[in-house]
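Below: one structure, written as structure tokens.
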Amino acid sequence: MKRRAFLAGAAAAAVSVPLTSSAVPQLPPMPDTSGPGLKAHAARSGRRYGCAIKSSQMQSDPALTAAIVREAGVIVQEWELKRNATQQRPDRFDFSGADKLIAFAQKNGMAARGHTLVWYAANPKWLDAAMRTSPRRRQEGLLGGYITAAMRRYAGKITEWDVVNEAIEPKEGRPDGMRAKTIWGEALGEGYIDLAFHLARDADPTARRFLTDYGLEHTSRRCEQRRTAILKLLERLLARGVPVQALGVQGHLKPFQEGFDERVFANFLDEVRGMGLKIAITEFDLADRGGPLDIDQRDAEVAAVGRAFLDVALDNPAVGSVLTWGLSDRYSWLSTYEGYRWPDGELSRGLPLDSNFRRKRLWAAIAQAFDHAPRAEAELPVPGLPA
Ligand code: XIL
């Protein structure tokens, strides 16, 4: 697949997206407010657009639900399939929240991703304690029991799973860049990842299995180290025959804190594709903290960086879908998370729709990136079905 001009010609073409207000290349237009949703734009190159939701928001806010139906072809649970949502007690799973979201997806003809089976965070206290004190067989059961239960429950309904989320953390100091502070790694070593992917394949062989992580896109030393760590991890997993099939690039961008270079990110995605893996952008949003105080200017700059990021991502035919972490600024984790929120409590503007569900410049940037994207490569054949 031929790269677009700004990526052609190796070194000469390293184009960085400027991060200062004086240097924005062009203002993305204000969006068409009534045309087709992002899912229709994504479909033009054989891709999917979707977003994360919580069942509580879905129940309390019909305007959000309507916007999601209009825009999204796939949903993912922002909260409901993390273990402190599903397993408050050791002896009982509670899938009621996720069930509502899956029923919503089915009713509206949407696909669903599953997030997430194994994560160092969002685990109930009892689970942390049990992992520290149990013998190995029981530790493996604590990891695997959930994978098997969740994947079997939603077999045929959730077609992609974030099997292991955020396995690396170079800043914790291990030479291999693996996360040190994780109940799974502390108990089982890196083999917890192998076990998780093998059990996932057994539980539902037809669902695509993702390793997902953040901090893979900027030019900072932090992201450079993270890219290296994730590539090395993927290499080791594949060499051991671990059935990982795809990388999820979360895509939480910080346009006013760290730089973005198209060639660096493109090369990274090329390496991942070169390993035979598929890719998705699974949690896209842009933290606007530190940007211009003028809202229109800030929106324009956020949209410009979002467009540059997506142009690179969608130029890679292995990238099959883009999901934003929420849809409307009314509900964005960026407004509450310590590292991203504005100190004065102002709502973050890092999602495609504003807090009144109006399309913003970022919406237009996403739509245009989809419109200009070369076709995605064919999806992996589903085992048991004709290719
Ligand atoms: C976040 C949710 O958005 C919050 O509502 C929740 O309190 C904490 O988790 N990376 C991930 C997501 O993989 O699960 C996180 O979601 C955001 C960062």
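Just so you know, these numbers use all the heavy atoms, side chains as well, and skip hydrogens, waters and symmetry mates.
Minimum heavy-atom separation, Arg349 to Asp299: NH2-OD2, 2.7 Å. Contact between Arg227 and Glu217 at its shortest, heavy atoms only, is NH1-C, 3.6 Å. Contact record, Ala303 with Ala365: O-CB, 3.5 Å, taken as the closest heavy-atom pair. Nearest heavy atom pair, residue Ser355 against residue Leu347, reads CB-CD1, 3.8 Å. Smallest separation of non-hydrogen atoms from Arg375 and Pro317: O-CB, 3.9 Å. Closest approach of Leu323 to Val76, counting heavy atoms only: CD2-CG1, 3.7 Å.
Taking the six-membered ring where the residue is Trp, Tyr340 and His252 present tilted rings, their angle falling between 30° and 60°.
Hydrophobic clustering, with ILVMFWY side chains joined whenever heavy atoms are under 4.5 angstrom apart, groups Leu188 together with Leu142. Leu231 and Phe210 end up in different hydrophobic clusters when Ile, Leu, Val, Met, Phe, Trp and Tyr side chains are linked at under 4.5 Å. Hydrophobic clustering (side-chain heavy atoms under 4.5 Å, transitive across Ile, Leu, Val, Met, Phe, Trp, Tyr) groups Ile279 together with Phe268. Transitive grouping of hydrophobic side chains (ILVMFWY, heavy atoms separated by less than 4.5 Å) keeps Ile366 and Leu334 in distinct clusters. Hydrophobic clustering keeps Trp119 apart from Met178 (ILVMFWY residues linked when any side-chain heavy atoms are closer than 4.5 Å, directly or through intermediates).
You'll find the side chain of Leu101 reaches within 4.5 Å of the side chain of Glu80, heavy atoms only. At a threshold of 4.5 Å between non-hydrogen side-chain atoms, the residues Asn165 and Gln250 count as touching. Side-chain contact between Trp184 and Arg179: absent, with no pair of heavy atoms (C-beta onward) separated by less than 4.5 Å. At a threshold of 4.5 Å between non-hydrogen side-chain atoms, the residues Lys278 and Gln245 do not count as touching. Side-chain contact between Val249 and Leu269 is present, with at least one heavy-atom pair separated by less than 4.5 Å. Put simply, the side chain of Phe95 does not reach to within 4.5 Å of the side chain of Ile102, judged on heavy atoms. Within the 4.5 Å cutoff, the side chain of Trp342 has heavy atoms near those of the Asp288 side chain. Between Gln87 and Trp126, the closest side-chain pair of non-hydrogen atoms falls below 4.5 Å.
For the pair Asp94 (side chain) and Ser96 (backbone), a donor-acceptor distance under 3.5 Å is present. Formation of a donor-acceptor pair under 3.5 Å by the Ser328 side chain with backbone atoms of Asp354 is found in this model. Although no hydrogens or angles enter the test, the distance criterion places a donor-acceptor pair under 3.5 Å between the side chain of Thr219 and the main chain of Gly259. Glu172 contributes a side-chain N or O that, together with a main-chain N or O of Ala180, makes up a donor-acceptor pair within less than 3.5 Å. Asn316 places no side-chain N or O within 3.5 Å of a backbone atom of Ala266 that could act as its donor or acceptor partner. The closest donor-acceptor contact from the side chain of Glu186 to the backbone of Thr182 lies under 3.5 Å. Side chain of Ser335 to backbone of Ser348: a donor-acceptor contact under 3.5 angstrom is found. Under a 3.5 Å cut-off, the side chain of Asp311 and the backbone N or O of Ala369 do not form any donor-acceptor pair. In this structure, His218 contributes its side chain and Lys254 its backbone to a donor-acceptor pair below 3.5 Å. Listed for the Asn108 side chain is no donor-acceptor partner under 3.5 Å among the backbone atoms of Met110.
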Could you please spell out the steps behind the side-chain contact (heavy atoms from CB on, under 4.5 Å) verdict for Tyr192 and Gln139?
CA-CA 10 Å; Tyr192 86 86; Gln139 290 170 329; over 6 Å; no
Evaluate the side-chain contact (heavy atoms from CB on, under 4.5 Å) criterion for residues Met275 and Leu238: first the C-alpha distance (whole Å), next the side-chain angles of each, then the deciding distance (0.1 Å), finally the verdict.
CA-CA 8 Å; Met275 294 179 181; Leu238 292 171; 3.8 Å; yes
Dump the intermediate steps for side-chain contact (heavy atoms from CB on, under 4.5 Å) on Phe104 and Thr65, then the final yes or no.
CA-CA 9 Å; Phe104 168 74; Thr65 315; 3.2 Å; yes
Given side-chain contact (heavy atoms from CB on, under 4.5 Å), test Leu81 with Thr86 step by step and report yes or no.
CA-CA 6 Å; Leu81 281 174; Thr86 53; 4.0 Å; yes
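In this model, a donor atom of one side chain and an acceptor atom of the other lie less than 3.5 Å apart for Asp285 and Trp333. Under 3.5 Å, the side chains of Asp61 and Tyr331 contain a donor-acceptor pair of N or O atoms.
Here the straight-line distance linking atom OG1 of Thr212 with atom CD1 of Ile281 works out to 12.0 Å at 0.5 Å rounding. Note that the CG atom of Leu216 and the SG atom of Cys223 stand 7.0 Å from one another [nearest 0.5 Å]. A distance of 5.5 Å separates CZ of Arg48 from OG1 of Thr159, quoted to the nearest 0.5 Å. Of the inter-residue distances, the one linking Leu234 atom CG with Arg236 atom CZ reads 9.5 Å to the nearest 0.5 angstrom. In this structure, the separation between CG on Leu353 and CH2 on Trp363 is 9.0 Å, given to the nearest 0.5 Å. Residue Asp204 holds its CG atom at 9.0 Å from CH2 of Trp161, rounded to the nearest 0.5 Å.
The residues Asp162 and Arg113 are annotated as salt-bridged, a charged nitrogen and a carboxylate oxygen being separated by less than 4.0 angstrom. A salt bridge links Arg226 and Glu169; the closest N-O separation between the charged side-chain nitrogens and carboxylate oxygens is under 4.0 Å. Salt bridge Arg273/Glu377: present, at least one basic N to carboxylate O contact under 4.0 Å. Using a 4.0 Å cut-off between a side-chain N of Lys or Arg and a carboxylate O of Asp or Glu, Arg361 and Asp296 qualify as a salt bridge.
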Without placing hydrogens or testing angles, list every side-chain donor-acceptor pair under 3.5 Å for residues 194-203, not counting sequence neighbours.
unit_1: Asp194; atom_1: OD1; unit_2: Arg240; atom_2: NH2; d: 2.9
unit_1: Asp194; atom_1: OD2; unit_2: Arg240; atom_2: NE; d: 2.7

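With sequence neighbours left out, Ala229 forms a side-chain contact (heavy atoms from CB on, under 4.5 Å) with Ile168, Pro170. Qualifying salt bridge (charged side-chain N to carboxylate O under 4.0 Å, His left out) partners for Arg174, counting only residues two or more places apart in sequence or in other chains: Asp176.
A side chain to side chain contact (heavy atoms under 4.5 Å, CB included) with Ile158 is found for exactly one of Met151, Arg153, His115, Gln77, namely Gln77.
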